[in-house]
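Okay, so here's the structure we're looking at.
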Amino acid sequence: MLRFHNTLSREVEEFKPLDEGKAKVYICGPTVWNFAHIGNFRTFIFGDILHRYLEFKGFDVTYVMNLTDVDDRIINESAERGIGIDDMTAPFIVAFHEDMAALNCLEPDFEPRATDHIGEMIDIIRALLENGKAYESDGSIYYRISAFPDYGKLSKISFEGNIEGGSARVDTDKYDKEDARDFALWKLVDDPDATGWDASFGRGRPGWHIECSAMSMKYLGETFDIHAGGIDLQFPHHENEIAQSEGATGKTFANFWLHGEFLKIDNEKMAKSLGNDYTFRDIRDRGFSALAIRYLLLSVPYGKQLNFTFEGLKGAETTVERLRNFRRLVSDSTTGNGIDGSALSAARTALEQFESAMDDDLNTSQALAAIHNLVKEINSLMADRMLTKDERDAVLHAVAKFDSVLGIFGEEEKEVLDEEIDSLIEERERARRERDFAKADEIRDRLAEMNIILEDTKDGVRWKRG
RNA sequence: GGCGGCGUAGCCAAGUGGUAAGGCAGAGGUCUGCAAAACCUCCAGCAUCGGUUCGAUUCCGAUCGCCGCCUCCA
């Protein structure tokens with residue numbers, strides 16, 4: 001039984017989709033004003049795991065991740081540089097796609113951009129104006145929170161007594177609003193040269209929250225199954241999305257809200273001021289593989305804070321390598337005729353444990369433990385005897401199932417060796433037979449430089465790319 | 001000021017009212033010409049102090065420490 005921690009109830013609930021067999025999921029994507037950092041990617045990998053696991057469970061999934069390609073930072077910076085906002089965001093969108101692909105994240109079914117959905121946003125704002133949940137003030141449009149009694153149901157924020165202490169951070173333009181809690185749906189743009197769009201209620205640009213209401217409902221309907229995102233978006237972003245969407249439609253917006261916890265670096269928060277806001281590219285430049293980064297970022301359940309350290313990343317690198325070796329070892333193994341089926345039950349058990357771990361609010365830590373236990377068991381068994389063909393197939397099948405969700409084993413190496421490498425390996429074998437180990441080692445070193453790692457086994461020489 | 005989370009071995013960490021998954025690192029060993037890969041063995045009483053209980057790491061309270069939210073933020 002698949003269960004998720006639902007922020008709305010603060011409890012783990014059984015996942016029941018709106019339509020039998022279908023799952024409609026929206027996750028808040030990046031603001032493409034810069035290279036995304038590994039904290040961002042932790043959340044997006046969480047989304048990817050959610051996406052993949054729903055498919056693993058047999059759901060027909062519609063997975064939507066937006067790109068926020070207009071906001072104050074983007075507008076200000078592109079204005080400073082004298083370019084259009086699209087010119088400013090384009091390279092970061094390309095980079096984001098590259099990074100996501102490198103991190104083995106599946107592409108979403110839809111990846112709507114805010115600037116392509118201004119019309120849909122305007123429609124929602126108009127509906128809110130018509131039913132009294134929005135009002136105009138100094139040319140801008142604000143949401144009237146007092147007209148939405150459910151406000152706060154997601155973040156559980158009560159506004160008695162806590163706005164006081166936080167008041168230093170309340171918007172400076174609060175005087176334009178009826179209530180300090182009200183937020184902008186549409187911000188007046190009176191400079192005709194500045195970035196803005198025309199609407200019946202005046203020229204302006206959208207507030208931050210309205211885009212997600214517009215895009216999620218457009219692709220998934222007015223009510224959908226799961227809305228995911230980073231924990232920091234819970235308030236105010238998601239709370240405001242609910243207010244806007246439910247305020248406009250009168251229907252429940254999303255049934256499940258899933259929030260990914262923060263990533264810490266060396267037990268400290270990630271912050272520009274601390275200089276630890278690493279981008280994916282920064283980490284790659286230090287020589288770490290994307291697979292190891294993915295492994296580390298998914299090794300802790302999404303609902304818990306994850307402490308990122310380079311020591312941990314180094315460990316992840318080794319671990320991923322071990323997993324890859326395992327799959328190669330099994331798939332290259334010669335099979336025997338034994339009738340001992342112990343590997344069959346091991347594979348079955350591992351698969352069951354994996355699924356029950358993932359069913360439990362995507363407990364990736366336990367899911368990985370199930371995989372590692374299988375690896376150890378089968379490796380140990382293979383040190384003793386050959387697998388039967390059925391056993392080998394069962395283990396490889398289990399690995400493929402695991403990896404369809406986790407995506408940490410990487411590509412299989414099926415490349416054919418080219419002739420030069422092939423003949424070098426043969427030459428080395430000849431030297432070894434003649435016990436000319438100096439020559440054999442020299443050839444091995446040469447191959448290593450060509451990125452070919454050799455392993456001598458009882459069954460002959462095995463190789464892999466380094 | 002209001003609210004939430006966390007504190008488990010050198011590191012990353014799961015988890016449970018009945019004496020603690022998994023990975024990395026480390027130590028010793030097997031195999032190997034040597035490596036590599038793999039295997040075997042070893043390595044914690046769960047922040048502190050109280051309480052509840054036959055029994056707590058797991059429940060309650062307090063203390064200390066860390067992280068977060070209270071309209072920029074994955």
Side-chain angles (χ1 to χ4, degrees), chain A residues 10 27-31 36-47 71-73 155-171 174 180-184 208-209 228-237 239-240 259-264 267-272 295-296 299-301 303-323 325-326 328-329 353 357 363-373 375-376 379-384 432 435-438 440-441 444-445 448 453-458 462-464:
Chain A
R10 303 289 157 107
I27 181 169
C28 291
T31 301
H37 55 63
I38 53 172
N40 294 314
F41 284 116
R42 183 196 185 191
T43 298
F44 302 141
I45 287 171
F46 146 54
D71 81 335
D72 286 357
R73 292 172 297 192
S155 53
K156 317 289 187 232
I157 284 178
S158 80
F159 284 86
E160 279 112 56
N162 71 351
I163 265 293
E164 293 302 313
S167 62
R169 297 167 69 172
V170 170
D171 271 2
K174 64 183 172 186
R181 299 175 302 165
D182 291 349
F183 57 92
W208 172 34
H209 318 295
I231 184 74
D232 52 324
L233 298 183
Q234 190 176 299
F235 188 89
H237 188 236
E239 194 69 63
N240 290 352
H259 288 100
E261 256 293 354
F262 265 101
L263 175 76
K264 292 192 286 183
N267 254 313
E268 288 190 292
K269 61 182 170 184
M270 179 161 61
K272 200 155 234 151
Y295 181 95
L296 184 62
S299 66
V300 178
K304 294 213 169 196
Q305 293 186 357
L306 180 160
N307 187 23
F308 179 96
T309 65
F310 281 102
E311 191 180 344
L313 184 54
K314 240 166 103 180
E317 200 76 71
T318 310
T319 304
V320 165
E321 182 63 22
R322 178 176 153 84
L323 292 175
N325 280 337
F326 172 70
R328 191 171 49 90
L329 228 53
Q353 289 173 343
N363 191 327
T364 43
S365 288
Q366 290 195 329
L368 287 171
I371 296 175
H372 285 122
N373 286 333
V375 168
K376 183 148 213 165
N379 269 334
S380 169
L381 201 152
M382 286 193 298
D384 233 40
R432 289 183 69 213
R435 307 194 69 79
D436 183 355
F437 295 119
D441 289 350
R444 182 167 61 194
D445 290 344
I453 312 283
L454 298 184
E455 296 172 12
D456 298 327
T457 73
K458 285 193 175 65
R462 212 196 303 276
W463 65 273
K464 64 179 175 180

*Find which nucleotide of RNA chain B each of Thr457(A) and Ala440(A) is nearest to by heavy atoms, and output the residue with the more 5' nucleotide.*
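Final value for this comparison: Ala440(A).
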
*Return the 5'-most residue of the pair Leu454(A), Asp71(A) with respect to RNA chain B, ranking by each residue's nearest nucleotide.*
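The answer here is Leu454(A).
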
Just compare [options] and give me whichever is closest to any side-chain atom of [X].
| X | options | result |
| --- | --- | --- |
| Lys376(A) | rG22(B), rC39(B), rU71(B) | rC39(B) |
| Glu455(A) | rA37(B), rA38(B), rC73(B) | rA37(B) |
| Thr309(A) | rC24(B), rC11(B), rC73(B) | rC11(B) |
| Trp208(A) | rC66(B), rC72(B), rA38(B) | rC72(B) |
| Leu233(A) | rA13(B), rG33(B), rC73(B) | rC73(B) |
| Gln305(A) | rC11(B), rG68(B), rC34(B) | rG68(B) |
| Arg435(A) | rG33(B), rC73(B), rC70(B) | rG33(B) |
| Lys269(A) | rC39(B), rA37(B), rC67(B) | rC67(B) |
| Thr318(A) | rA25(B), rG22(B), rG33(B) | rA25(B) |
| Lys304(A) | rA14(B), rU71(B), rA74(B) | rA14(B) |

Over all strands shown, is [X] touching base, sugar-phosphate only, or nothing at heavy-atom distances under 4.0 angstrom?
| X | result |
| --- | --- |
| Arg432(A) | base |
| Ser299(A) | nothing |
| Lys314(A) | nothing |
| Gly229(A) | sugar-phosphate |
| Asp456(A) | base |
| His37(A) | base |
| Asp72(A) | nothing |
| Pro301(A) | sugar-phosphate |
| Leu263(A) | base |

To the nearest Å, give me how far apart [atom1] ([X]) and [atom2] ([N]) are.
| X | N | atom1 | atom2 | answer |
| --- | --- | --- | --- | --- |
| Glu268(A) | rC11(B) | CD | P | 16 Å |
| Glu321(A) | rA25(B) | CD | P | 12 Å |
| Arg181(A) | rU71(B) | CZ | P | 13 Å |
| Gln234(A) | rC70(B) | CD | C1' | 11 Å |
| Lys264(A) | rA13(B) | NZ | P | 8 Å |
| Phe235(A) | rG4(B) | CZ | P | 15 Å |
| Glu261(A) | rC69(B) | CD | C1' | 10 Å |
| Asn325(A) | rA36(B) | CG | C1' | 9 Å |

[X] side-chain N/O to [N] phosphate OP1/OP2 under 4.0 Å:
| X | N | value |
| --- | --- | --- |
| Arg322(A) | rA36(B) | no |
| Asn379(A) | rC39(B) | yes |
| Ser155(A) | rC3(B) | no |
| Asn307(A) | rC12(B) | yes |
| Thr31(A) | rC73(B) | no |

*Mutual orientation of the aromatic rings belonging to Phe183(A) and His209(A) [parallel < 30°, tilted 30-60°, perpendicular > 60°]*: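 Phe183(A) vs His209(A) ring planes: perpendicular.
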
*Assess whether side chain to side chain contact (heavy atoms under 4.5 Å, CB included) is satisfied between Gln305(A) and Glu261(A), documenting all intermediate values.*
CA-CA 5 Å; Gln305(A) 293 186 357; Glu261(A) 256 293 354; 3.3 Å; yes

Between the base of [N] and the side chain of [X], is there any donor-acceptor pair under 3.5 Å?
| X | N | answer |
| --- | --- | --- |
| Asn363(A) | rG15(B) | no |
| Arg462(A) | rA37(B) | no |
| Arg444(A) | rC34(B) | yes |
| Ser365(A) | rA14(B) | no |

Quick check for you: to the nearest 0.5 Å, what is the distance between [X] atom [atom1] and [Y] atom [atom2]?
| X | Y | atom1 | atom2 | answer |
| --- | --- | --- | --- | --- |
| Glu455(A) | Arg328(A) | CD | CZ | 4.5 Å |
| Thr309(A) | Lys264(A) | OG1 | NZ | 12.0 Å |
| Thr318(A) | Leu313(A) | OG1 | CG | 9.5 Å |

Strand partner of [N], provided both Watson-Crick or wobble distances fall under 3.5 Å:
| N | value |
| --- | --- |
| rC3(B) | rG68(B) |
| rC49(B) | rG61(B) |
| rG33(B) | none |
| rA56(B) | none |

When rounded to the nearest Å, what value does the distance between [atom1] atoms of [N] and [M] take?
| N | M | atom1 | answer |
| --- | --- | --- | --- |
| rU16(B) | rA25(B) | P | 28 Å |
| rC67(B) | rG51(B) | P | 32 Å |
| rC6(B) | rC60(B) | P | 11 Å |
| rA9(B) | rG4(B) | P | 27 Å |
| rC64(B) | rU48(B) | C1' | 7 Å |
| rC24(B) | rC43(B) | C1' | 14 Å |
| rU30(B) | rU19(B) | P | 36 Å |

*asked:* Looking at Asn307(A) and Asn267(A), would you say the former's side chain and the latter's main chain have a donor-acceptor pair under 3.5 Å?
replied: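 Yes: the side chain of Asn307(A) pairs with the backbone of Asn267(A).
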
*Decide, yes or no, whether a salt bridge links Arg181(A) with Glu239(A) under the criterion of side-chain N to carboxylate O below 4.0 Å.*
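No, Arg181(A) and Glu239(A) are not salt-bridged.
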
*Can you tell if the side chain of Cys28(A) reaches within under 4.5 Å of the side chain of Leu233(A), non-hydrogen atoms only?*
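Side chain of Cys28(A) against side chain of Leu233(A), heavy atoms only: contact under 4.5 Å found.
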
_If we count only N and O atoms by modelled type, under 3.5 Å, do the side chains of Asn325(A) and Arg322(A) hold a donor and an acceptor together?_
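Arg322(A) and Asn325(A) do not have a side-chain donor-acceptor pair below 3.5 Å.
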
_Does Lys269(A) have more than 12 heavy atoms from other residues, nucleotides or ligands lying within 6.0 Å of its NZ?_
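No, the 6.0 Å shell around NZ holds no more than 12 heavy atoms from other groups.
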
